[in-house]
Amino acid sequence: MRIGVLIVGLVVALIPVSADAHNCKCRNRGVMFKLGEVSCLNVDGGSYLARCEMKLNVSSWTKVQEGCPVTERTLRRLTLVNR
């Protein structure tokens, strides 16, 4: 009986901790990103696309691809400048 109560108490005590872990966010250039969101990170003169994820109970950026997608507007501006 005591073991059952102890287990139930432990499970109930851990629920808020696991709920708080899902509220973690990553920061990039002063902007906060929720878990699963992606952003372009500029590091050491290069850039890459990264996703906000949890690693060992800490929010962290995980590289998704080299380089970052370029918007159509940026491409259009570069084309006009090169003419």
(request) Check the pair Thr62 / Lys55 against side-chain contact (heavy atoms from CB on, under 4.5 Å), numbers first and verdict last. (result) CA-CA 9 Å; Thr62 301; Lys55 292 186 179 178; 3.2 Å; yes
(message) Here's one to test your reading of the geometry: is the NZ or CZ of Lys63 within 45 degrees of the ring axis of Tyr48 and under 6.0 Å from its centre?
(response) yes
(message) What's the separation between atom CD in Glu37 and atom SG in Cys26, rounded to the nearest 0.5 Å?
(response) 9.5 Å
(request) Examine Val64 and Val31 and state if one hydrophobic cluster contains both, with Ile, Leu, Val, Met, Phe, Trp and Tyr joined whenever side-chain heavy atoms are less than 4.5 Å apart. (result) no
(request) Please check if the side chain of Asn28 supplies one atom and the backbone of Ser39 the other of a donor-acceptor pair under 3.5 Å. (result) no
(request) Please assess Met54 against Cys24 for the test side-chain contact (heavy atoms from CB on, under 4.5 Å), listing each intermediate value before the final yes or no. (result) CA-CA 8 Å; Met54 289 292 291; Cys24 290; 3.8 Å; yes
(request) Check whether any side-chain heavy atom of Ser47 sits under 4.5 Å from a side-chain heavy atom of Leu41, and report yes or no. (result) no
(message) Please determine whether side-chain contact (heavy atoms from CB on, under 4.5 Å) holds for the pair Asn42 and Arg29, giving the CA-CA distance in whole Å, both sets of side-chain angles, and the decisive distance to 0.1 Å.
(response) CA-CA 9 Å; Asn42 296 310; Arg29 292 179 261 141; 4.0 Å; yes
(request) Determine yes or no for a side-chain-to-main-chain donor-acceptor pair under 3.5 angstrom, with Trp61 supplying the side chain and Arg27 the backbone. (result) yes
(request) Verify, without hydrogens or angle tests, whether Ser60 (side chain) and Glu53 (backbone) share a donor-acceptor contact under 3.5 angstrom. (result) no
